[in-house]
There are 2 protein chains.
Amino acid sequence: MSLKYALLGFLSYQPMTGYDLKQRFDHSIDHFWNAELSQIYPTLTRMKEEGLLTMDVEFQDDKPNRKVYHITNSGRDELRHWLLELEDAPQIRISFLIKVFFAGMLKKEDVLAQLQHQLALHQAQLVDYQETVRNHIHENIEATGMKRDGEFWELTLEMGIKFEEGWIEWCEETIEKIEGMNDE
Amino acid sequence: MSLKYALLGFLSYQPMTGYDLKQRFDHSIDHFWNAELSQIYPTLTRMKEEGLLTMDVEFQDDKPNRKVYHITNSGRDELRHWLLELEDAPQIRISFLIKVFFAGMLKKEDVLAQLQHQLALHQAQLVDYQETVRNHIHENIEATGMKRDGEFWELTLEMGIKFEEGWIEWCEETIEKIEGMNDE
DNA sequence: CAGATCATGTAACCTGTTACATGATTTC
DNA sequence: GAAATCATGTAACAGGTTACATGATCTG
């Protein structure tokens, strides 16, 4: 249940609603984690029941009331404890590689179409990281003055960029190799 | 439902039992996909009901009967169709990066311990790919004579290696950066 | 006038993991 | 004597996605 800890993490910065948290996910950690509102809301409710959060209601006439969640000391302890737990290597699931694995039954041109498509996706993703995501992070650092934390935010972005660069290299190398195969 | 297509892929090579298929998963595609027997068995049953597979029972006295699954023409069509569908960029979930993102609240040495742990895991994984997995693939190519297919099997391994190299580089760079930070 | 933003949720579904059940044979 | 191999499964649970429901205000 990593979602819980991501929520605790953001709430350790400041009290927020579920809706606010979803925005933080979209703008800061989308490149390695995200969640839908339909998952966030019930999770916050459960975390409140567990004593990790408290909730204040801000009444609104025109919209549903804002439910502002605050982290408790117990929540802070649990977050800190989780952050210190050594993490296993992530397990990978890439259905695209299943396609590559069984691509022997396809014509060269069909495999190449797949690879060129992936290449384009990863090139676009890389640009998005280097521009949009990087800007979001920098804006956040300036808006909050959280310089030390910001260094860690940037490190996660660097990993995202490294991933995409790896994909792009592999796609390019693979396209060349396949072009060199004889299509018996 | 990529599991279905991975099963169809292996069964397009030759008829097999669920147990055999699990072994193929472990030895060939574990670095980007895997499944438990408890998921494979019911999936095969369902695929048979869908007409993608047929089943022969080989009676055994001492062990449960072997249920050997064969791919049907319909199964082959569905596999081929899926292989041609352009794939979206894989979505990533790396809980370790949540830890990095919120590492600002930790002491330098605690963050470094995490990173050194990850570094070691990825170094070990890389060696495993370069040795064990590569050997499995080569043995399979020799045992089956599937040279053209084998080229694609190797390409997926190359991607696994590229991933691990990326992780290792990032860990090393990150460890240096963090060592250079002042721990206020 | 359509679509995004704000703001909350519930319900059904899909995928995958863990635990449990059985049991003979082979290997260390 | 313990653990791995062969061979099948079921049941409960966890996590995440998609669809549905509501509704005002703001933006293009």
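Note on naming: letters A, B, ... go to the chains in the order of the sequence lines (proteins, then strands), and numbering restarts at 1 for each one. Computed from a predicted model, the values in this text were never measured in an experiment.
- Two residues are said to be in side-chain contact when any heavy atoms from C-beta on lie closer than 4.5 Å; B:F32 and A:F96 fail this criterion.
- Taking atom CG on A:L37 and atom C1' on C:dA4, their separation rounds to 14 Å, with Å as the unit.
- For D:dG15, neither phosphate oxygen OP1 nor OP2 lies less than 4.0 angstrom from any side-chain nitrogen or oxygen of A:Q39.
- Residue A:R93 has a polar side-chain atom (N or O) positioned under 4.0 Å from OP1 or OP2 of C:dG16.
- Counting atom types as modelled, B:S38 pairs a side-chain N or O with a base atom of C:dT18 as donor and acceptor under 3.5 Å.
- Distance, A:L21 CG to C:dT8 P: 9 Å, rounded to whole Å.
- The distance from atom CG of B:D20 to atom P of D:dC6 is 9 Å, rounded to the nearest whole Å.
- In this structure, the CD atom of B:E36 is 6 Å from the P atom of C:dT17, given to the nearest Å.
- Closest to the side chain of A:W33, out of D:dT18, D:dA7, D:dG16, is D:dG16.
- Residue B:Y41 places none of its side-chain N or O atoms closer than 4.0 Å to OP1 or OP2 of D:dG9.
- Annotation: B:F10 is in aromatic contact with A:F102 [ring centroid separation under 6.0 Å].
- Residues B:V68 and B:Q91 both approach DNA chain D. Their nearest nucleotides, taken by heavy-atom distance, put B:V68 toward the 5′ side.
- Between A:E165 and B:K162 there is no salt bridge, since no side-chain N of the basic residue sits under 4.0 Å from a carboxylate O of the acidic one.
- The side chain of B:L3 has C:dG16 as its nearest neighbour among D:dT18, D:dT8, C:dG16.
- Protein atom OH of A:Y19 is 12 Å distant from nucleotide atom C1' of D:dT25, rounded to whole Å.
- Between B:K4 and B:E50 a salt bridge is recorded (basic side-chain N to carboxylate O distance below 4.0 Å).
- The nearest whole Å value for the distance from the CE atom in A:M1 to the C1' atom in D:dC13 is 13 Å.
- The CD-P distance, from A:Q60 to D:dT25, rounds to 12 Å in whole Å.
- The nearest heavy atom of DNA chain D to B:K67 and to B:Q23 marks one nucleotide each, and the one closer to the 5' end goes with B:Q23.
- For A:K22 and C:dT5, the NZ to P distance is 12 Å, given to the nearest whole Å.
- Ion pairing of A:D20 with A:R66 is present here, as a side-chain N (NZ or NE/NH1/NH2) and a carboxylate O approach within less than 4.0 Å.
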